[in-house]
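Order of the sequence lines sets the chain letters (A, B, ...), proteins ahead of strands, with each chain counted from 1. Below, all heavy atoms of this structure are taken into account, side chains as well, without hydrogens, waters or symmetry copies.
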2 protein chains.
Amino acid sequence: MPVDKVPDIVVGRLPLYLRTLNYLLEEGYEMVSSHELGRRLGISPAQIRKDLSHFGEFGKQGAGYDVKYLSTQLKHILHVDGVWPVALVGCGALGHALANYNGFVTKGFEIVLIFDNDPAKIGQVVAGKVIHDVADMPRLICEYGIRIAIVAVPSSAAQATVDVLVRCQVRAILNYAPINISVPPGVQVQNIDPSVHLQRMTYYL
Amino acid sequence: MPVDKVPDIVVGRLPLYLRTLNYLLEEGYEMVSSHELGRRLGISPAQIRKDLSHFGEFGKQGAGYDVKYLSTQLKHILHVDGVWPVALVGCGALGHALANYNGFVTKGFEIVLIFDNDPAKIGQVVAGKVIHDVADMPRLICEYGIRIAIVAVPSSAAQATVDVLVRCQVRAILNYAPINISVPPGVQVQNIDPSVHLQRMTYYL
DNA sequence: GCCTTCTTGTGAAAGCCATCACATATTCTA
DNA sequence: TAGAATATGTGATGGCTTTCACAAGAAGGC
């Protein structure tokens with residue numbers, strides 16, 4: 001039954017399934033069971049089957065899932081069967097690392113625009129891309145039809161940056177600034193703050 | 001009632017509360033209501049009150065929470081009222097950015113050891129710290145009494161790196177490698193993979 | 001001092017999510 | 001070919017999480 005309303009928490013696990021399937025593919029697996037997939041992910045087999053059942057019937061009884069086929073299907077479901085052009089805002093140390101990260105393309109993303117507000121950086125080339133002035137964001141993001149942006153600016157500039165992005169029709173934002181940003185309904189946000197992740201673990205130490 | 005078994009999902013929100021409280025402090029707030037805190041975080045006031053009630057009664061009826069006091073209490077609960085020494089393994093572009101990130105100390109962490117396996121990098125100084133040979137990890141991590149590590153090595157090296165860390169008594173690992181690592185019970189892991197975060201959003205585009 | 005307004009902490013209810021368990025189908029072995 | 005083993009998809013169950021709603025306490029105005 002393909003199209004009920006799928007819980008966010010289920011959608012959040014699909015990229016993990018996809019990532020593991022691609023590793024299995026590299027290792028030469030042709031079929032994989034929910035049991036094996038779950039073992040690798042630390043997730044119960046039942047949960048994996050239930051999650052996938054939201055989108056259709058991908059497995060074969062007695063055999064499991066065709067790795068290549070399920071990978072393809074998940075890419076389609078997640079809308080990463082093509083390559084999304086992505087804008088990167090903020091080209092400090094972290095921005096540099098992200099610009100040079102070569103893991104994006106195979107996952108369905110490519111950084112095609114880089115912005116910074118530092119006059120000393122504007123015009124420089126990073127990872128084969130020119131750093132543009134943030135003042136040109138509205139024009140360029142519109143021209144390129146960008147819908148996804150990565151924010152790697154200081155906390156103090158994050159909300160203003162996001163506001164501009166949202167006005168430019170960006171609908172998905174990966175936020176590296178350690179601050180809560182607010183966006184209108186319909187705009188997706190994911191936050192990455194290493195301190196938050198670390199503090200979540202120290203509770204148990 | 002301070003000491004029931006607190007759900008993981010509640011623990012995971014505490015760092016977000018703490019982060020926002022510290023911003024409120026900078027803005028000069030002395031008191032804050034669960035309503036205002038929730039508004040900033042996109043979380044319901046009831047949930048914040050319920051979460052905090054797992055650990056005690058921190059608020060005052062009619063007034064709200066003393067920002068400074070609640071911040072202090074949350075730091076204590078999360079065990080970040082001191083500064084944890086942290087080891088960073090892998091000093092590529094991402095490792096460099098993390099080593100130079102100045103946001104850790106105020107959150108309760110300090111990178112005191114950096115490792116890499118590249119002979120060309122070993123001995124170099126990054127952010128005031130010498131890069132050590134990964135071969136010296138067991139000795140140095142033991143000497144420094146490290147319990148927390150950040151893994152920023154290639155996927156192919158991640159599991160082996162983690163295995164060594166676990167043997168060295170590291171009990172919390174922030175993993176930037178885009179792969180699922182397995183650890184024994186009692187070892188905390190948090191994963192950061194930008195592609196996974198992005199794919200989680202593209203579903204909705 | 002009194003009344004209004006505000007806010008917390010919490011039991012109860014509602015809603016969401018993970019697990020269980022099994023009918024069904026396929027594969028493997030001999 | 002038959003029987004054992006394997007594995008999916010799913011209704012039912014149980015547990016966990018969030019929200020609701022309110023008693024009780026505190027602050028502010030006059």
Side-chain angles (χ1 to χ4, degrees), chain A residues 1-17 20-21 24 29-74 77 200 203-204, chain B residues 1-17 20-21 24 29-74 77 200 203-204:
Chain A
M1 41 205 60
V3 202
D4 18 20
K5 160 67 180 164
V6 181
D8 289 352
I9 199 164
V10 172
V11 174
R13 280 189 292 262
L14 298 185
L16 300 175
Y17 299 166
T20 300
L21 286 167
L24 288 167
Y29 280 74
E30 295 191 353
M31 301 294 289
V32 68
S33 66
S34 59
H35 185 85
E36 169 64 10
L37 198 49
R39 193 188 59 75
R40 295 210 177 203
L41 283 160
I43 291 179
S44 78
Q47 180 161 80
I48 291 175
R49 295 200 301 275
K50 185 72 111 182
D51 284 354
L52 295 177
S53 76
H54 283 96
F55 303 95
E57 305 192 359
F58 304 106
K60 203 191 315 189
Q61 288 169 333
Y65 299 90
D66 183 297
V67 178
K68 181 69 186 158
Y69 175 72
L70 184 53
S71 169
T72 302
Q73 290 299 304
L74 283 179
I77 291 167
R200 187 174 183 154
Y203 173 79
Y204 300 97
Chain B
M1 40 208 59
V3 202
D4 15 24
K5 162 66 181 166
V6 181
D8 289 351
I9 198 164
V10 172
V11 174
R13 282 190 290 263
L14 298 185
L16 300 175
Y17 298 166
T20 300
L21 285 168
L24 288 167
Y29 279 75
E30 294 191 355
M31 301 294 289
V32 67
S33 66
S34 59
H35 184 85
E36 170 65 9
L37 198 49
R39 191 187 60 74
R40 296 211 176 202
L41 283 159
I43 291 178
S44 78
Q47 181 161 78
I48 291 174
R49 295 200 301 274
K50 186 71 111 180
D51 283 354
L52 294 177
S53 75
H54 283 97
F55 303 96
E57 304 193 358
F58 303 108
K60 206 195 306 193
Q61 288 170 331
Y65 299 90
D66 182 299
V67 178
K68 180 69 186 160
Y69 175 71
L70 184 53
S71 168
T72 302
Q73 291 299 305
L74 283 180
I77 292 166
R200 187 174 182 153
Y203 173 79
Y204 300 98

Could a donor-acceptor pair under 3.5 angstrom be found where the side chain of A:Q61 meets the base of D:dT8?
-> yes

Between B:R49 and A:K50, whichever has its closest DNA chain C nucleotide further toward 5' is B:R49

Tell me which nucleotide among D:dT18, C:dT8, D:dT10 gets nearest to the side chain of B:S33.
-> C:dT8

C:dT19 OP1/OP2 closer than 4.0 Å to side-chain N/O of A:S44 | yes

So, is A:S34 near the phosphate of D:dA7, with a side-chain N or O under 4.0 Å from OP1 or OP2?
-> no

Separation of B:L21 CG from B:K68 NZ (nearest 0.5 Å) = 10.5 Å

Starting at the 5' end of DNA chain D, which residue's closest nucleotide do you reach first, A:A46 or A:G62?
-> A:G62

What is the minimum heavy-atom distance between B:R200 and A:V11, and which atoms define it?
-> O-CG1, 3.9 Å

Rounded to the Å, how far apart are A:E36 CD and D:dT8 P?
-> 11 Å

Rounded to the nearest Å, what distance is computed from the CG atom of residue A:L37 to the P atom of nucleotide D:dG9?
-> 12 Å

Rounded to whole Å, the CG-P distance (A:L70 to D:dT8) equals 11 Å

Give the rounded distance in Å between these two atoms: CD of A:Q73 and P of D:dT8.
-> 16 Å

Rounded to whole Å, OH of B:Y17 lies from P of C:dT8 at a distance of 13 Å

Ignoring backbone atoms, test whether A:R13 places a side-chain nitrogen or oxygen under 4.0 Å from the OP1 or OP2 oxygen of C:dA18.
-> yes

Touch check for B:L52, heavy atoms < 4.0 angstrom, all strands: base, sugar-phosphate only, or nothing?
-> nothing

Aromatic rings B:F58 and B:Y69: how do their planes relate, parallel, tilted or perpendicular, breaks at 30° and 60°?
-> tilted

The side chain of A:I9 lies closest to which of these nucleotides: C:dC17, D:dT19, D:dA7?
-> C:dC17

d(CZ, A:F58; C1', C:dA25) in whole Å = 18 Å

Write down the distance between CD1 (B:I48) and P (D:dC20), rounded to a whole number of angstrom.
-> 14 Å

Return yes if the base of D:dT18 and the side-chain atoms of B:Q47 contain a donor-acceptor N/O pair under 3.5 Å, otherwise no.
-> no

Indicate whether OP1 or OP2 belonging to D:dT6 is found under 4.0 Å from a side-chain N or O atom of A:Y65.
-> no

For B:T20, the option from B:L37, B:I43, B:V67 that meets side-chain contact (heavy atoms from CB on, under 4.5 Å) | B:L37

Please report the closest heavy-atom contact between A:Y29 and A:R40, naming both atoms and the distance.
-> OH-NH2, 3.5 Å

Under 4.0 Å between any heavy atoms, over every strand shown, what does B:P7 touch: base, sugar-phosphate, or nothing? Just pick one.
-> sugar-phosphate

Measure the distance from CG on B:D51 to C1' on D:dT19 and round it to the nearest whole Å.
-> 12 Å

Between the base of D:dG9 and the side chain of A:K60, is there a donor-acceptor distance below 3.5 Å?
-> no

Please determine, for the side chain of A:E57, which listed nucleotide (D:dG9, C:dT10, D:dT8) has the closest atom?
-> D:dG9

Inter-residue atom distance A:L52.CG - A:Y17.OH, 0.5 Å rounding | 6.5 Å

